[in-house]
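In what follows, a single structure is set out as structure tokens and then discussed.
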Amino acid sequence: MVSNLVEDHSKKEEQVEFYWTGHPFVDAGLAAILLIAGKSKPEELTDKDIEKVINFASELYATKEWSSSYIHGMIFPNSGILMVNPSMSKKRSPKAIAENLWSILEEFKVNNKDSPKCVLCGRFPPYMKKEVYLSVFPLLGTGGVPNFFHSGNTRGADICAHCVFLVQFMPLSSYRLSRVLIIHAYPYELTIELSKGAVEDVKMSKLASQARGFRRPENFLFHLVGEITRKIERDGFWENASVTLYYFICNNQNQLLDVIHVPTPVLRFVAYVNHVDPVGWKRIVSMGWREQPDENKFEELERERSNAVYSRLLNNESILSYFYNSKERRVNASWNLLAFYCKEVIGLDKEALEFIKSVGDRIVETVERLQDHKLDDEIRSLERAEKLYQFEAFFIRVEKLRQNLSIENPLMSFDEFARILTAYGEDINISWRTVKNLLLFRIYEKLHDRLMKFAKSEKIEELGVEENEYAIYGGGVE
Ligand SMILES: [Zn+2]
């Protein structure tokens, strides 16, 4: 590491305090500072830490790799503070950048009680030394429209020196895909955990983190969640977590932002499966691509291709049909995992689930007495039921079978029949198709071997996995 670029600052300044703000870009900068300083809380930061981080960042930012293609090209176009404006290339040096960063910190001390407060942290008066547009803070607008800010401040957004300072370090904890990825999470401990990989890559390679070659932000996130869960092995780590991905680019040509919020039940579910049944989870995820990957291909697809299971989870759409493979008539995971998903993500109550399971068991008890080809016929009619009346007809046939086979109790009472057809029909996620998926799951779980024995010679039409592409978020790029 370089020696102090600007030696006397830490001595003459008083201790500066930093805060989490809830703003993803500012918090990303704070996470970078904490990770480089090896601290976990902002109040633990000392002036020595800040000096170390300013020196670390300035050394990198002065290099061409950071300055032109990343900072100027994707985050802070024409930034004067970080000296990325092409006209400044001759004057650019670690020392000059460090001086600029220190000078923001000096502004930090100005605290006029009467002035309006920062719109991001609400603590300090706006930074006045520079106009605050997208060169200073990403995605703020170019300054070409002075009335852009509701405060009517023609000098740009009301953002304080604290927040302007912190955001300058955001490039260190961001991931560089085809855009810039910031992972913001609450509790803030999670923001640090999810940014750690980026800062570690920067320390190792002196370049921005490439997110290990991932090209899809949501795939990368799901991968990280699995990895962190397996590493931490602590119950409840994701319990009340809130995670949001900010996938953006800010340069002179484009200012684009996609916000991808990860529903908390989905986080809990993905953490749970990574604990309980990582192999089953891999099988489920594999079905989200058109081609079924082998072990090596899985990693490649995971890095590069959008996955229907991930997209559906992020869009609050059911992934029940991915829990089984109807082509091979086998289940991809255990009933317990399915039950956890139904309870946590779909919101199906335990009693309803137990009821559907018991109906599934009664169907199995009936059809398993049939000869192979008859058994195959019956299950196929359930697989192919695309309309409610076809679904109804299946139960009536099974009931007739029970009578013919002299099985003592009826398949269902009238009330149960009404319940299975209509009681879960209000919500698009919990409709009769949900029931159908659960029943098929139970049947495959119990009768896979017999069904496959017969099916070997037959080609079974693929059901369940829809072939259309899923948009994850508006206007995403490949
Ligand atoms: Zn602020």
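Computation of the quantities below employed the complete heavy-atom set of this structure, encompassing side-chain atoms and omitting hydrogens, waters and symmetry-equivalent molecules. Counting starts at 1 for both ligands and their atoms, following the listed order.
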Exercise for review: Mark yes when over 12 heavy atoms from residues, nucleotides or ligands other than Y186 sit less than 6.0 Å from its OH; otherwise mark no.
Suggested key: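 It does not: Y186 OH has 12 such atoms or fewer within range.
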Practice item. Please note down the angle at the Zn ion (ligand 1) between SG of C160 and SG of C121, to the nearest 10°. Key: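 Roughly 100°, rounded to 10°.
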Check your understanding: Quick one: angle C118 SG - the Zn ion (ligand 1) - C163 SG, to the nearest 10°?
Key -> 110°
Exercise for review: Mind checking the CH2-OG spacing from W238 to S242? Nearest 0.5 Å is all I need.
Suggested key: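 Spacing of CH2 (W238) from OG (S242) equals 11.5 Å.
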**Study point:** Near-ring test F165/F169, centroid separation under 6.0 angstrom
**Key:**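 Ring centroids of F169 and F165 are less than 6.0 Å from each other.
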Check your understanding: Checking only N/O/S atoms, does H162 have one that is under 2.8 Å from the Zn ion (ligand 1)?
Key -> no
Exercise for review: Show your working on ring pair (Phe, Tyr, Trp, His ring centres under 6.0 Å) between Y61 and H72 and close with a plain yes or no.
Suggested key: CA-CA 10 Å; Y61 290 178; H72 176 59; over 10 Å; no
